[in-house]
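In what follows, a structure is listed as structure tokens, so that the remarks can point back to it.
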Amino acid sequence: MPQIFTATADTRLRAALLVAGLAVAGAGLFAGGYMDSSYATMVGWVQDQPVPFSHQHHVGGLGIDCRYCHTGVETSPQAGLPPTHVCMTCHSQVWTGAPVLAPVRESLASGQPIPWRRVARVPDYVYFNHAIHIDRGVPCVTCHGRVDQMPLLSRAQPFQMGWCLECHRDPAPHLRPPDQVTRMDWSDWDRHPEEHAFYGLDYVKAHGIEPARLDDCGICHR
Ligand code: HEC
Ligand code: HEC
Ligand code: HEC
Ligand code: HEC
Ligand code: HEC
């Protein structure tokens, strides 16, 4: 009968404990880096969509304005996703029989919306409102990136609390005339940075925007 405790068993036990210890330390490191990693924030991730809808093609190429499809963005908290008949205003004429558009035709026939996978989202306990931001001249591109260059849409910003607060504490540099918010390539102020800074500061004053108030917890957690 073999001995229960061999000479090497003790060594093996130590080795096992060491491995376990390293695993715990590793998990700590992992968790530390995790909150900022793209795994947690999903920045840059694309979703497998039922139809490979391309913003690059429709916005960058065809020049369709965001508000044509995201009709709620100026008037309500949600931007909204386009109902199928909006696609069909064009796709009853172009690419009519295309296999990639089969789910669009099925959706129109059945009345069931296309089941898009969401990429831009905050948790339910966070209150966000598009209309307020658009009305104040916060551009889409600041929060959603160059969607006109995205063949498949991905998240451009982490949407974590620190990111919201960074702007809320000093919104001036991000603001532009509200009628320019959907322009992706708006670069006038790149050539005149001093004008941009003045505009933002003037705007903040003229509209009584109070950065000090904008980091109250109750603004986003109601
Ligand atoms: C204002 C017109 C218009 C609207 C609205 C529109 N499309 Fe298109 N779409 C086009 C045109 C034009 C093409 C073909 C472009 C080409 O071949 O150069 C196209 C191409 C496509 C393609 C083929 C792949 C690609 O990007 O080339 C898909 C998929 C597509 N559209 C999906 C949609 C969906 C889904 C909607 C609704 C959310 C929609 N489209 C709304 C005009 C439109
Ligand atoms: C022709 C219609 C159309 C136009 C124009 C359009 N979009 Fe979209 N958008 C869609 C569709 C359809 C989806 C859902 C599929 C996807 O995520 O690509 C979407 C999704 C999005 C999403 C991700 C929403 C989520 O949580 O999944 C963002 C952000 C977005 N669009 C921003 C924009 C911006 C900014 C513009 C203007 C620069 C714009 N879109 C123009 C049709 C459009
Ligand atoms: C200040 C940042 C910010 C700006 C500016 C902004 N968005 Fe968003 N957007 C968000 C956040 C945050 C979400 C996720 C909201 C949620 O989960 O309720 C979102 C979600 C969306 C969605 C998902 C569907 C929905 O109903 O909300 C679309 C589409 C969208 N945005 C389009 C736009 C367009 C188009 C513009 C410009 C006209 C724009 N956004 C401007 C931050 C922004
Ligand atoms: C790039 C700048 C910017 C970013 C990023 C941003 N905001 Fe804002 N937010 C503003 C501005 C400007 C206002 C308007 C303030 C005003 O009118 O006094 C505002 C207002 C708001 C309001 C309404 C406040 C009120 O008056 O009750 C809410 C809610 C809000 N933001 C939530 C969010 C959340 C949640 C995020 C992150 C997901 C976010 N914001 C990201 C600039 C930004
Ligand atoms: C400008 C908007 C905004 C303000 C103001 C804000 N939060 Fe948040 N908060 C968020 C967002 C967005 C998230 C979601 C973060 C995520 O998904 O990673 C969040 C998440 C949280 C969470 C969940 C845990 C976490 O960190 O992810 C707690 C707790 C929290 N906030 C507490 C507070 C407190 C306390 C205050 C006031 C000192 C505050 N928040 C002010 C936007 C805000």
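Reckoned from all heavy atoms, side chains included, excluding hydrogens, waters and symmetry mates. Remember, it's 1-based here, ligands and their atoms both numbered in the order they're listed.
Which parts of ligand 3 touch P139 is read off a 4.0 Å heavy-atom cut-off, strictly below it: atoms 5 (C). Set against the non-hydrogen atoms of R136, the atoms of ligand 4 under 4.0 Å away are 14 (C), 16 (C), 17 (O). Distances below 4.0 Å separate heavy atoms of V138 from the following atoms of ligand 4: 1 (C), 2 (C), 12 (C), 42 (C). Of all atoms in ligand 3, numbered sequentially from 1 with element shown, those under 4.0 Å from a heavy atom of C66 are 35 (C). Those atoms of ligand 3 with a heavy atom of R121 less than 4.0 angstrom away are 14 (C), 17 (O). Near T182, meaning under 4.0 Å from any of its heavy atoms, are these atoms of ligand 3: 38 (C). With ligand atoms numbered from 1 in the order given, ligand 4 contributes 29 (C), 32 (C), 35 (C) to contacts under 4.0 Å with heavy atoms of Y127. Applying the 4.0 Å criterion to heavy atoms of V51 picks out, from ligand 1, the atoms 29 (C). Residue-ligand proximity, R118 to ligand 3, at heavy-atom distances under 4.0 Å covers atoms 17 (O), 23 (C), 24 (C). In summary, the atoms of ligand 4 found under 4.0 Å from a heavy atom of C167, numbered by their order in the structure, are 1 (C), 2 (C), 3 (C), 4 (C), 5 (C), 42 (C), 43 (C). Using a 4.0 Å cut-off to heavy atoms of L214, the atoms of ligand 4 that qualify are 15 (C). Residue-ligand proximity, S54 to ligand 1, at heavy-atom distances under 4.0 Å covers atoms 26 (O). Atoms of ligand 1 lying under 4.0 Å from any heavy atom of C90, numbered from 1 in the order shown and given with element: 1 (C), 2 (C), 3 (C), 4 (C), 5 (C), 42 (C), 43 (C). With ligand atoms numbered from 1 in the order given, ligand 3 contributes 37 (C), 38 (C), 41 (C) to contacts under 4.0 Å with heavy atoms of I134.
If you take CE on M42 and CZ on R155, they are separated by 5.5 Å, rounding to the nearest 0.5 Å.
Residue contact check for ligand 3: V122 places a non-hydrogen atom closer than 4.0 Å to it. Using 4.0 Å as the threshold, Q157 has no heavy atom nearer than that to any atom of ligand 3. Residue contacts with ligand 3 do not include G72, since none of its heavy atoms lies under 4.0 Å from the ligand.
Considering backbone and side-chain atoms alike, H174 places every N or O at 3.5 Å or more from each N or O of ligand 4. The distance criterion of under 3.5 Å between nitrogen or oxygen atoms is not met by Y68 with respect to ligand 1.
At a heavy-atom distance under 4.0 Å, only side-chain atoms of V126, from C-beta outward, approach ligand 4. Counting heavy atoms closer than 4.0 Å to ligand 4, residue T142 contributes side-chain atoms (C-beta onward) but none from N, CA, C or O. Contact annotation: for R213 versus ligand 4, heavy atoms closer than 4.0 Å belong to the side chain alone. By the criterion of a heavy-atom distance under 4.0 Å, the side chain of R222, and not its backbone, is placed next to ligand 4. Contacts between I219 and ligand 4 below 4.0 angstrom, taking non-hydrogen atoms only, involve backbone and side chain alike. Counting heavy atoms under 4.0 Å from ligand 4, residue C220 touches it through the side chain alone. Under 4.0 angstrom from ligand 3, there are no non-hydrogen atoms of E74.
Surrounding CG of D48 are at most 12 heavy atoms belonging to other residues, nucleotides or ligands under 6.0 Å away.
Looking only at side-chain heavy atoms (C-beta outward), W95 and V104 stay at 4.5 Å or farther from each other.
Shortest contact from atom 5 (C) of ligand 1 to any protein heavy atom: V86 O, 3.4 Å.
Taking all heavy atoms of H91, H57, M88, H55 into account, the minimum distance to atom 8 (Fe) of ligand 1 is reached by H91.
Atom 8 (Fe) of ligand 4 has an N, O or S atom of H168 closer than 2.8 Å.
For H58, the N/O/S atom at the shortest distance from atom 8 (Fe) of ligand 1 is named NE2.
Atom 8 (Fe) of ligand 3 has H130 NE2, H144 NE2 as its protein N, O or S neighbours under 2.8 Å.
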